[in-house]
Amino acid sequence: MINLRLLDDETYRAGAILKGATSEQLDELASAEELRRTMLTEVENLRSQSNAVSKEIGQASPEDRPAKIDAANVLKTELKEKEAALSVQQAAVDALVLHIPNPAHESVPGGGEEDFELVITVGAQAPPPPMDHGEFGASLGWVNTEKGAEVSGSRFAYLQREAVLLEFALVQWVMQKLVARGFIPTVPPVLVREQMMIDAGFFPTDENQVYAVTEDELYLVGTSEVPLAGLHRGDRLDLADLPLRYAGFSSCFRREAGTYGKDTTGIFRVHQFDKVEMFIWSDPAKSWDEHELLLEIEREILDDLALPYRVINVAAGDLGNPAAKKYDCEVWLPSEGAYRELTSCSNYTDYSARRLGTRAKGESGTEFVHTLNGTACAVGRMLLFLMEHYQQADGSFAVPDVLQPFCGFTTVGARN
RNA sequence: GGAGAGGUGGCCGAGUCAGGUCGAAGGCGCUCCCCUGCUAAGGGAGUAGGCGGUUUAUAGCCGUCUCGUGGGUUCAAAUCCCACCCUCUCCGCCA
C-alpha cells in the first residue's frame with residue numbers, strides 16, 4: 001500500500017510509472033482520494049453537531065427533551081446518508097490503491113524481464129555432468145517422484161537417504177550463519193488466516209497460487225515470509241530496537257498454477273519444499289544497507305558452497321507490486337546450460353508495513369518501518385544444484401566441505 | 001470435542017447489573033521541575049493512538065474515531081443486543 005499523500009510527488013510518480021502504473025491510474029486515485037477527504041470532512045462536521053446535540057439532551061430538562069430529540073433525528077438521517085456515500089467512496093479508493101505498486105528505487109533499471117542489470121558474475125559455467133539432477137537424484141535413491149505423484153500428484157516427491165541428511169545439514173549450517181548475524185531463529189505457523197494473507201500482500205493477487213484448507217478457513221503459506229510478517233503486525237516498535245532480523249524455517253506450499261509443462265525435471269519446481277527465509281524489520285533510514293546485507297549473506301552461502309552464479313538487479317517491470325528493489329541470485333545449472341534463480345532478496349520499503357500497520361517510534365516521531373525479505377536457503381532447489389555441481393564422473397557425490405561437519409559423511413558412492 | 005471465565009491506555013486495574021457529567025478512577029512505569037552532600041525517599045506538573053482540518057511544521061489548536069473485531073438498538077453505548085476473533089482454567093483426546 002502506498003502513501004496517498006505522495007501521489008503528487010514527481011519522483012514518486014516516476015518510480016510508480018517505471019513499475020507499470022499509468023499516470024491516468026495515479027490521477028484517478030488522486031482525485032478519488034481528494035473527494036474522499038472532502039466527504040470525510042462533511043461527515044465529521046455532521047457528527048460534531050450531532051454529538052453536541054446529544055450532550056445538550058443529557059443536560060436538558062425533561063420538558064425540553066422531545067423537541068431536541070426531534071432535531072437530533074433530523075441530523076441523524078442526514079448523517080446516515082453521507083456516511084453511506086463516504087463508505088462507497090472509501091471502497092473505491094481502496095480498490096484503486098491495491099493496484100498501485102511500490103515505486104522502484106532509483107537504482108533499479110527500467111523495462112521488463114529481459115532488462116535486468118547484471119551486478120556480478122562469479123565462477124565458471126561448468127559443463128553438464130553425466131546425469132542431470134533428475135537422473136542423479138533417482139540413481140542415488142534420493143528423490144522419488146513416481147511415488148510422490150502416486151501418493152499426492154505431480155510435482156510432489158519423496159526425498160530420501162543422504163539427501164535428507166544433507167537437507168538437515170544445510171538448514172543447520174545456514175541457521176548458524178544467520179544466528180551469528182543476529183537473526184532470531186523462528187519456526188512459524190504454516191497455516192494462516194485469510195486476513196494474514198491479505199495483510200502480507202499475497203491476497204488477492206496471488207490467491208490462485210495458495211492452497212486453501214476451506215473447512216477451517218486457513219491457508220497454507222507459500223513462504224514463511226507470510227507468518228514472519230505477522231510477527232509485528234500492528235506493533236509500535238522502538239526505533240532503537242531495530243533492525244529486528246528473523247530467520248524462519250518452514251515448509252512452503254505452492255500450487256504452481258499456470259506452470260504446466262515447465263520445469264518438470266526432478267524437484268526444480270514442486271508443490272512442497274522447505275526453506276530458510278530471512279525477514280528484516282528495519283529503520284527506514286537504513287533499509288538499503290539491510291538490503292545489501294541480505295545480498296551479502298546470500299552470496300556468502302553460494303561462495304562457501306563454491307557454486308557459480310550471477311547476481312541481477314531485477315528490472316522495474318518485473319518486480320511485483322511490493323518490492324522497490326530486488327536482487328536475484330541465479331546459479332549456473334549445467335544440465336540446462338543456463339543460470340536459474342536460487343535465491344532473491346527484496347526491499348519492500350514501507351509498502352508492506354503500511355498495510356501491516358507496523359510503526360517505529362523514534363526521536364523524530366513515529367513512522368512506518370521498512371520490511372525486507374530474502375531467501376537464505378530453498379532446500380530442495382539448493383540440493384538440486386549441488387547434485388549437478390558435486391556429482392563425480394563415476395556417479396558418486398562429494399559433500400561440500402562446509403556441510404561435512406553437519407552431515408557426518410564426505411562422499412556418497414554411486415548406486416545401481 | 002465438552003464446560004466455564006475473561007479481553008479497558010506503555011503495564012496493572014476500576015467502571016459494565018441501574019446508558020449521558022467516561023477517552024476513561026487509582027496505581028506502576030516514563031518525562032520535566034522542586035527539594036536533597038551522593039543515592040534512596042519526598043513534593044509538583046505532564047504522559048494513548050489513528051484519521052481529517054488549520055499550519056512552514058512530525059509544534060499548537062479544532063474536529064472525529066478507537067475500551068478485542070464487526071454489526072445493531074438509542075438523540076446518546078466501555079456500559080444494552082447479535083455475530084465473530086482471541087486468551088485463560090477444567091474435562092476429554094493426542095505427538
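No experiment lies behind these values; they were computed from the predicted model shown. We name chains A, B, ... by the order of the sequence lines, and we start the count at 1 in each one.
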Start with the C-alpha distance between Gln49(A) and Asn45(A), add both sets of side-chain angles, then the distance that settles side-chain hydrogen bond (donor to acceptor under 3.5 Å, both in side chains), and finish with yes or no. CA-CA 6 Å; Gln49(A) 291 177 45; Asn45(A) 284 340; over 6 Å; no
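- With salt bridges taken as basic N to acidic carboxylate O contacts below 4.0 Å, one links Glu277(A) and Lys275(A).
- Straight-line distance between the P atoms of G4(B) and C11(B): roughly 30 Å, to the nearest whole Å.
- Applying the 4.0 Å criterion to OP1 and OP2 of U64(B), one finds that Ser48(A) has a side-chain N or O inside that range.
- Within the 3.5 Å criterion, the main-chain N or O of Gln25(A) finds a donor-acceptor partner in the side chain of Thr22(A).
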Take Glu388(A) and Ser335(A), measure what side-chain hydrogen bond (donor to acceptor under 3.5 Å, both in side chains) needs, and give me the verdict at the end. CA-CA 8 Å; Glu388(A) 296 208 356; Ser335(A) 64; 2.6 Å; yes
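- Separating the C1' atom of U31(B) from that of A18(B) is a span of 41 Å, rounded to the nearest Å.
- Between His291(A) and Trp288(A), the angle of the ring planes goes over 60°, which puts this pair in the perpendicular group of the 30/60° scheme.
- Of all nucleotides listed (C75(B), U73(B), C65(B)), C75(B) comes nearest to the side chain of Ala72(A).
- Residue-to-nucleotide proximity on RNA chain B shows that, of Arg37(A) and Glu44(A), the 5′-proximal contact is made by Arg37(A).
- With both pairing distances under 3.5 Å, G42(B) is matched to C34(B) as a Watson-Crick or G-U wobble pair.
- Across G71(B) and G13(B), the matching C1' atoms stand 29 Å from one another, rounded to whole Å.
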Distances under 3.5 Å only, N/O to N/O: pair up the protein atoms with those of nucleotides 19-23 of chain B.
{"residue": "G20(B)", "atom": "O6", "partner": "Arg65(A)", "partner atom": "NH1", "Å": "3.2"}
{"residue": "G20(B)", "atom": "N2", "partner": "Ser54(A)", "partner atom": "O", "Å": "2.8"}

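- Each of G53(B), G63(B), C51(B) was ranked by its minimum atom distance to the side chain of Arg36(A); first place goes to C51(B).
- Separating the C1' atom of G72(B) from that of G26(B) is a span of 34 Å, rounded to the nearest Å.
- At the heavy-atom level, Asn51(A) lies under 4.0 Å from the strands shown only through sugar-phosphate atoms.
- In this structure U54(B) sits in a base pair with G60(B), meeting the Watson-Crick or G-U test at under 3.5 Å.
- In summary, the aromatic rings of Phe203(A) and Tyr219(A) are positioned with their centroids under 6.0 Å apart.
- Across all strands shown, C80(B) forms a Watson-Crick or G-U wobble pair with G72(B), both key distances being under 3.5 Å.
- Nearer to the 5' terminus of RNA chain B, by closest-nucleotide assignment, is the contact made by Leu40(A) (compared with the other of Leu40(A) and Lys76(A)).
- Across the strands present, U47(B) finds its partner in G29(B); the criterion is a Watson-Crick or G-U wobble pair with both atom distances under 3.5 angstrom.
- In this structure, U16(B) makes no Watson-Crick or G-U wobble pair, since no nucleotide meets both defining distances under 3.5 angstrom.
- Here C93(B) sits opposite no nucleotide as a Watson-Crick or G-U wobble pair (both hydrogen-bonding atom distances under 3.5 Å).
- Of the possible donor and acceptor atoms, none in the side chain of Glu117(A) sits under 3.5 Å from a partner among the backbone N and O of Asn313(A).
- Summarising the base pairing, G6(B) is matched to C86(B) through a Watson-Crick or G-U wobble pair whose two defining distances lie under 3.5 Å.
- A distance of about 45 Å separates the C1' atoms of U64(B) and G2(B), rounded to the whole Å.
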